[in-house]
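Contents: one structure, followed by commentary.
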Amino acid sequence: MGSHAKAWLVEDESAREMLDRVLTERPFLLLPPLHRVPLRVGNVVELVGPSSSSKTHILIQAAITCILPKLWKGVSYGGLGHSAMFIDLDCRFDVLRFSELLNHRIMEAANGSSSKVGCHQKDSEAQFERMKPYNEELFALCMKRFLYIRCYDSSEFLATLKTLHYRLQKEREVHGVNVHLLLIDSIGAFHWVDRGSSSFPLEYDNRKSWHLQNVSEAVVQEIRRLLLVHPMLVMATKAVVLGNKYSTNELTWNYRKWSAVDNPYSRNITSSDQQLPYREYMPAAWQSFVTHRILVRATDDDLVNGEHQNNSIYLLKWLLPPLNSLDKFTVRDTGVFILS
């Protein structure tokens, strides 16, 4: 043990070598529609929006991008080649749907590779048949990199976070890659249950009462500890109800400037610093933990022409850091697409 510690102390590298290593090991995740701001490991991104606003779909596409390789058998898939951990608090995750979306991404990359070399239809079909075993092999590899846990209450969620270090360590030893993404869907799933039971102290136990603030603080503390050992990008969805004045066809959201605009990545910013288009309900411990906040919602419009016809249109607004841009996007089986 002592020799290993000494070797670690003796090991040295220049600042340039360190920067090259970090940028290689921890790449940016520039994933539409989250491409406006570069996201890195250590960031905590909160996707906020009402029901049916594509929040979970964005998480799924982020996970698929993470587990896909950058290059495989000469075909570019544009992935990160890392593992992803998906913690399902909403208990509605459909693994069959996930596998279908993963297959669509693999097939699209393979077909795109064939079209770039100018294959005719018959040649393209033959190429597809030749690639089929490789696609199946890649699909199995990617599914091994996708780690899934379902929790039914806050106790299970906390227990999962406390023991997650050992599972991530084991997965890294087995598959040889680190977990790059920690995805939580949805972080506020147990809020109202915990709030309703917060007035009932655990009299039979010497531990402190199960208060809502205690739960939130414990969750944040465990994630912080986890990130120290396993640097990851954290993405969490949160369901909210928008105010009446924010109709689905309104394209402009008015809000005050953040009080800490000079330091938009500060962890000390809470919802009280900004006039949000929804009522914040998560405790301050979680709000101050979030480094990036994004509001997404659906519109009443559907595309009637072009390659994305008959698809719903969604809107995305960066709240933290605050950006003046408003992005329109649509979701398909092959990914999320920004609309011009």
Side-chain angles (χ1 to χ4, degrees), residues 23-35 39 41 54 56-88 93-150 167-183 185 230-233 235 307-308 330-337:
L23 290 177
T24 301
E25 295 176 354
R26 306 176 183 181
F28 288 89
L29 182 66
L30 299 176
L31 179 76
L34 311 180
H35 60 295
L39 302 175
V41 294
S54 77
T56 302
H57 191 94
I58 293 175
L59 285 193
I60 289 175
Q61 291 296 341
I64 292 176
T65 298
C66 184
I67 63 180
L68 279 172
K70 184 176 182 180
L71 193 69
W72 174 265
K73 306 290 186 181
V75 178
S76 176
Y77 292 92
L80 301 177
H82 289 270
S83 295
M85 168 64 73
F86 194 104
I87 302 180
D88 182 16
F93 181 79
D94 187 349
V95 68
L96 293 179
R97 178 59 176 162
F98 177 84
S99 64
E100 289 175 358
L101 294 175
L102 174 59
N103 257 323
H104 278 294
R105 289 280 294 272
I106 292 175
M107 301 280 290
E108 182 193 36
N111 293 337
S113 177
S114 299
S115 62
K116 287 182 180 179
V117 297
C119 295
H120 296 292
Q121 183 176 358
K122 290 184 178 180
D123 294 335
S124 181
E125 292 175 356
Q127 174 73 3
F128 171 76
E129 290 300 323
R130 288 194 299 268
M131 289 293 295
K132 190 173 181 179
Y134 297 108
N135 292 342
E136 293 175 353
E137 181 184 357
L138 176 58
F139 175 82
L141 174 65
C142 290
M143 289 301 291
K144 290 178 181 178
R145 292 177 177 174
F146 181 71
L147 314 176
Y148 175 80
I149 297 177
R150 174 174 289 187
R167 175 167 180 179
L168 297 183
Q169 192 174 31
K170 181 179 179 181
E171 293 291 340
R172 180 171 56 189
E173 294 172 354
V174 172
H175 301 295
V177 293
N178 295 321
V179 175
H180 186 75
L181 270 182
L182 176 61
L183 308 165
D185 188 31
H230 303 277
M232 297 176 288
L233 169 65
M235 296 180 66
E307 61 176 322
H308 304 300
T330 186
V331 297
R332 298 176 63 190
D333 291 344
T334 52
V336 181
F337 299 89

Can you sort out the partners of R150 under salt bridge (charged side-chain N to carboxylate O under 4.0 Å, His left out), two or more places apart, ordered by chain and number?
D88
For the residue pair T65 / R105, report whether a side-chain donor-acceptor contact shorter than 3.5 Å exists.
yes
Any [X] side-chain heavy atom under 4.5 Å of [Y] side chain:
X: M85; Y: L183; result: no
X: L102; Y: L68; result: yes
X: L59; Y: F86; result: yes
X: Y148; Y: V95; result: no
X: E171; Y: K144; result: no
X: H82; Y: I67; result: no
X: W72; Y: E137; result: yes
X: H57; Y: L101; result: yes

First locate atom [atom1] of [X], then atom [atom2] of [Y], and finally report the distance between them rounded to the nearest 0.5 Å.
X: I87; Y: D185; atom1: CD1; atom2: CG; result: 11.0 Å
X: L147; Y: S83; atom1: CG; atom2: OG; result: 5.5 Å
X: F139; Y: S99; atom1: CZ; atom2: OG; result: 4.5 Å
X: N135; Y: K73; atom1: CG; atom2: NZ; result: 11.0 Å
X: H230; Y: R167; atom1: NE2; atom2: CZ; result: 12.0 Å
X: T334; Y: I64; atom1: OG1; atom2: CD1; result: 10.5 Å

Closest non-hydrogen atom pair between [X] and [Y], with its separation:
X: V336; Y: P33; value: CG1-CD, 3.4 Å
X: A62; Y: L181; value: O-CD1, 3.3 Å
X: C142; Y: P69; value: SG-CD, 4.2 Å
X: S54; Y: V331; value: CB-CG1, 4.1 Å

Determine whether V75 and L71 satisfy the following criterion, side chain to side chain contact (heavy atoms under 4.5 Å, CB included), listing intermediate values before the conclusion.
CA-CA 6 Å; V75 178; L71 193 69; 5.7 Å; no
Determine, step by step, whether L233 and M235 satisfy the side chain to side chain contact (heavy atoms under 4.5 Å, CB included) criterion, reporting the C-alpha distance in whole Å, the side-chain angles of both residues, the deciding distance to 0.1 Å, and the verdict.
CA-CA 7 Å; L233 169 65; M235 296 180 66; 4.2 Å; yes
Between F98 and F93, how do the two ring planes meet: parallel, tilted or perpendicular, split at 30° and 60°?
tilted
Could you walk me through whether V179 and R145 pass side chain to side chain contact (heavy atoms under 4.5 Å, CB included), step by step?
CA-CA 8 Å; V179 175; R145 292 177 177 174; over 6 Å; no
Report the C-alpha distance between K70 and Y77 in whole Å, list the side-chain angles of each, state the deciding distance to 0.1 Å, and finish with yes or no for side chain to side chain contact (heavy atoms under 4.5 Å, CB included).
CA-CA 5 Å; K70 184 176 182 180; Y77 292 92; over 6 Å; no
Is any side-chain N of the basic residue among E100 and R97 closer than 4.0 Å to the acidic one's carboxylate O?
yes
State whether the side chain of D94 and the backbone N or O of L96 hold a donor-acceptor pair below 3.5 Å, judged by distance alone.
yes
